[in-house]
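The structure under discussion appears below in the form of structure tokens.
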Number of protein chains: 2
Amino acid sequence: MVTMQQVADRAKVSISTVSFVVNDTKPVMAETRERVLKAIDELGYRRNSMARALASRKSRVIALIYPLLDHRHHHSFVDAAATAAEERGYSLVLWPVHSDNVSAEIASLIQAGFADGVLLMEVQLEDERVTHLQQAGAPFALIGRTRELHGIDYVDIDFERSVEQAVEDFAALGHRDFSLIIEDLSDTPLAGYSPPIRAEQTFEEAVRSRGLNGTVFRVPHERASILSIADEIARRAPETTAIIGMHDDATFALINVLRHRGIRVPEDISIAGIASATAMATLTDPALSTYDAPGSALGRLATEALIDRLEGRGGPPTQVRIACTLMPGASMGPAPVDRPPLSSEAWKRHPSTSARAVESAALDGTHAI
Amino acid sequence: MVTMQQVADRAKVSISTVSFVVNDTKPVMAETRERVLKAIDELGYRRNSMARALASRKSRVIALIYPLLDHRHHHSFVDAAATAAEERGYSLVLWPVHSDNVSAEIASLIQAGFADGVLLMEVQLEDERVTHLQQAGAPFALIGRTRELHGIDYVDIDFERSVEQAVEDFAALGHRDFSLIIEDLSDTPLAGYSPPIRAEQTFEEAVRSRGLNGTVFRVPHERASILSIADEIARRAPETTAIIGMHDDATFALINVLRHRGIRVPEDISIAGIASATAMATLTDPALSTYDAPGSALGRLATEALIDRLEGRGGPPTQVRIACTLMPGASMGPAPVDRPPLSSEAWKRHPSTSARAVESAALDGTHAI
DNA sequence: TTGTAGGCGTTATCAG
DNA sequence: CTGATAACGCCTACAA
């Protein structure tokens with residue numbers, strides 16, 4: 001390994017001078033700098049990050065508390081965060097959380113000098129990790145938000161504005177009967193995860209203030225219940241003509257299931273995904289209209305806010321909320337006129353293929369894998 | 001920040017003794033150890049990772065060259081790798097790659113002492129990154145494989161066995177006309193990414209050796225073409241009764257599109273996903289049968305192989321291939337008898353809703369978003 | 001079993 | 001502008 005001293009020797013300068021040119025921390029005569037640069041190049045010198053970290057008391061590492069949920073837009077968060085960090089000379093470390101003593105562990109990451117700051121995802125409204133981080137004086141930024149936000153750097157999806165917008169857009173198309181699909185995270189470690197909660201509140205307020213009807217469906221986290229959501233809607237909100245799905249998988253499944261039953265999208269019912277990952281849209285037929293989550297923008301913003309803070313750029317905290325943007329597909333249409341309720345026998349004329357499959361399998365003894 | 005020296009003072013021992021108990025590197029009398037532990041506890045001491053790294057010349061950091069593709073099973077790789085690393089006292093750093101000078105950058109990660117080893121994903125058959133890593137003498141492990149594997153630690157999906165198995169399973173159900181769907185990565189930086197290549201070769205060999213018919217479909221990476229894959233199959237392989245989809249999104253879209261056309265799954269045609277992410281299966285109706293990628297097993301194995309190597313546990317390289325495991329759904333059935341070709345007019349009796357939607361929109365002036 | 005002391009490669013403070 | 005030199009906090013022979 002080539003050290004600064006070796007570079008210094010070869011360039012016939014002192015080790016400090018090498019440091020000055022490498023870090024651009026003090027003015028150095030053009031000619032001297034050239035000599036140093038040349039030596040660096042010839043020797044293939046790279047400054048040792050650990051020595052640097054030790055001497056400067058800065059590891060230039062950011063720890064990302066790793067997300068539990070396998071949401072597709074999390075991928076873009078992480079991706080953007082890693083890239084933004086790298087651009088500013090930092091590294092992003094993935095920190096898997098263990099449900100117990102999370103907070104203590106996070107704080108000790110900093111105390112051990114391993115990371116300079118922490119990025120937190122999947123923030124809950126009351127999040128003890130945030131409290132601990134504050135007490136420990138550890139720099140951090142949130143992707144998401146807590147209830148109390150005073151002085152906290154955070155970036156978040158503006159669910160309120162997004163849901164409001166979706167309701168508005170549907171209302172403009174003449175819809176009056178709405179359903180909202182969210183994830184049911186109660187009984188999971190993420191029970192206090194705010195997006196579904198905030199979406200639900202906003203939704204109810206949005207429909208109420210417009211004199212519309214709205215029903216909320218909470219889909220349990222296990223996959224099995226995803227497909228039955230159509231039945232659920234037919235049962236509890238048969239008049240629904242507009243569905244807002246904040247659960248990509250369920251929305252995705254739903255658009256197909258409806259169609260298999262002969263319920264046309266968007267003629268009989270309209271659907272839009274909200275806080276969706278972009279990639280989902282083109283996989284359905286008709287193409288799903290989505291209000292896309294600004295994943296990579298948020299990942300980048302959060303990282304930069306944190307680094308700014310780490311580097312002492314003071315000032316007021318970064319507090320940004322970005323609404324989802326509508327990516328038009330073909331699943332939102334004008335409200336149907338006099339459509340029979342979803343519970344009606346009228347829809348039964350198109351039995352689902354899978355029902356037939358089960359039937360025939362039972363009859364002739366063959367079975368599908 | 002509490003230092004070892006402070007702990008030593010309080011415990012009335014020397015700094016080295018503290019080091020010995022902290023790292024369990026030399027025997028220490030039970031009583032002394034207790035004193036030290038007590039002092040550590042009282043002071044809230046945490047050993048400084050940077051100082052440790054510098055002195056021991058080991059950063060205990062593993063760099064993961066960050067994947068480009070947004071495959072859902074990559075999430076489980078990364079997740080498992082981070083967890084496995086953490087369990088052994090290492091940290092996983094995400095290293096975003098820039099298409100240019102990748103190799104040089106990777107090697108310098110190591111030279112700068114930032115990472116002890118590298119984990120490479122999305123390995124290409126001829127991968128210059130691997131060559132550079134070898135030349136630089138940098139420890140690494142692959143998730144995936146190159147053509148030349150001598151002395152290399154790697155773990156990979158056994159695509160050969162998986163595809164073979166899928167063909168075998170379908171053949172046992174009486175199928176004779178196969179289609180394989182893979183991603184077309186040519187014209188992308190991942191042109192030499194081996195999974196599609198190997199799957200294609202194995203597939204062709206597998207059908208040929210059994211005297212079956214097989215057609216390969218390469219779906220371009222942009223989303224737009226995903227939906228048209230059904231037409232493509234009808235045109236180029238109208239007799240197909242068994243589809244193996246190594247492209248979750250396309251497979252997913254396909255099962256729905258087929259159904260919308262009145263082509264029943266699995267009565268008229270069978271479909272299975274291969275190297276899929278588990279989550280996909282239950283989102284379709286009928287449930288997609290998948291050969292699941294062993295994502296987390298591979299992430300963990302690769303990480304452990306690398307750490308073993310870093311810690312000098314010599315011996316032969318870890319070279320593991322794990323086949324995908326069949327997760328039965330309801331999309332694979334017995335081959336149909338005398339089914340009309342997919343190109344036949346017979347299927348036209350169920351026009352797709354979206355075709356109608358476009359029509360009616362054009363007629364009455366309304367339009368779907 | 002415990003202590004002493006010399007690095008590890010940089011940064012940073014102070015002189016010159 | 002450039003050069004000494006003392007940290008930075010820990011590891012590890014080597015001694016005792």
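Given the structure is predicted, the values throughout are model-derived calculations rather than measurements. Letters go in sequence order (proteins before strands), and every chain restarts at 1.
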task: Consider the side chain of A:Pro27, meaning its heavy atoms from C-beta on, and name the nucleotide among D:dC1, D:dG9, D:dC8 that approaches it most closely.
output: D:dC1
- request: Calculate the interatomic distance between A:Asn48 atom CG and C:dT11 atom C1'; express it in whole Å.
  value: 13 Å
message: One pair to check against side chain to side chain donor-acceptor pair (under 3.5 Å): B:Thr146 and B:Asp127. What are the steps and the verdict?
response: CA-CA 7 Å; B:Thr146 48; B:Asp127 203 314; over 6 Å; no
message: Quick test of your reading of the model: are A:Arg313 and A:Asp308 salt-bridged, counting only N-O distances below 4.0 Å?
response: yes
query: Just to confirm, is there a sub-4.0 Å distance from OP1 or OP2 of C:dG3 to any side-chain nitrogen or oxygen of B:Thr17?
result: yes
message: Testing the 3.5 Å rule here: is there a donor-acceptor pair between the side chains of B:Tyr45 and A:Gln111?
response: no
task: Taking only the side-chain heavy atoms of A:Arg52 (C-beta and beyond), determine which of C:dT2, C:dT10, C:dC8 contains the nearest atom.
output: C:dT10
task: Tell me which of A:Val2 and B:Phe20 sits closer to the 5' end of DNA chain C, going by the nucleotide each one is nearest to.
output: B:Phe20
message: In this structure, how many angstroms lie between the P atom of C:dA12 and the CG atom of A:Asp24, rounded?
response: 13 Å
query: Mapping B:Leu54 and B:Val28 onto DNA chain C by nearest heavy atom, which one lands closer to the 5' end?
result: B:Val28
- line: In whole angstroms, the gap separating C1' of C:dT10 from CZ of A:Arg46 amounts to 15 Å
- request: Take atom CD of B:Gln6 and atom C1' of D:dC8, then tell me their distance rounded to the nearest Å.
  value: 13 Å
- prompt: Does the distance from a Lys or Arg side-chain N to an Asp or Glu carboxylate O, for B:Lys38 and B:Glu34, drop under 4.0 Å?
  reply: no
message: Of the listed nucleotides (D:dC11, C:dT2, C:dT10), which one gets closest to any side-chain atom of B:Asn23?
response: D:dC11
field: Enclosure of A:Gln135 CD (heavy-atom neighbours >12, cutoff 6.0 Å)
entry: yes
query: Quick one: is D:dT2 close enough that its OP1 or OP2 comes under 4.0 Å of any side-chain N or O from A:Ser14?
result: no
query: So how far is it from B:Ile65 CD1 to B:Glu105 CD, rounded to the nearest 0.5 Å?
result: 8.5 Å
- request: Using a 4.0 Å heavy-atom cut-off across all strands, classify A:Met50 as base, sugar-phosphate, or nothing.
  value: nothing
query: What is the nucleic acid contact for B:Val22, judged by heavy atoms within less than 4.0 Å: base, sugar-phosphate only, or nothing?
result: nothing
- request: Check every strand shown and say whether B:Thr32 touches a base, only sugar-phosphate, or nothing at a heavy-atom separation below 4.0 Å.
  value: sugar-phosphate
task: Could you state the atom-to-atom distance from CZ of A:Arg57 to C1' of D:dC8 in whole Å?
output: 6 Å
- request: Using atom NZ of B:Lys26 as one end and atom C1' of D:dA15 as the other, report the distance to the nearest whole Å.
  value: 10 Å
- prompt: What integer distance in Å separates B:Gln5:CD from D:dC11:P?
  reply: 13 Å
query: Hey, does the side chain of A:Arg47 come within less than 4.0 Å of C:dT11's phosphate (OP1/OP2), counting only N and O?
result: yes
- prompt: Where the side chain of A:Met4 is defined as all heavy atoms beyond and including C-beta, which of C:dG3, C:dT10, D:dC8 is the nearest nucleotide?
  reply: C:dT10
- prompt: Does the side chain of A:Ser56 get closer than 4.0 angstrom to OP1 or OP2 of C:dT11 through an N or O atom?
  reply: no
query: Once you round it to whole Å, what is the distance between P of C:dT4 and CD1 of B:Ile15?
result: 11 Å
query: Ignoring hydrogens and angles, are the base of C:dG3 and the side chain of B:Ser16 linked by a donor-acceptor pair under 3.5 Å?
result: yes
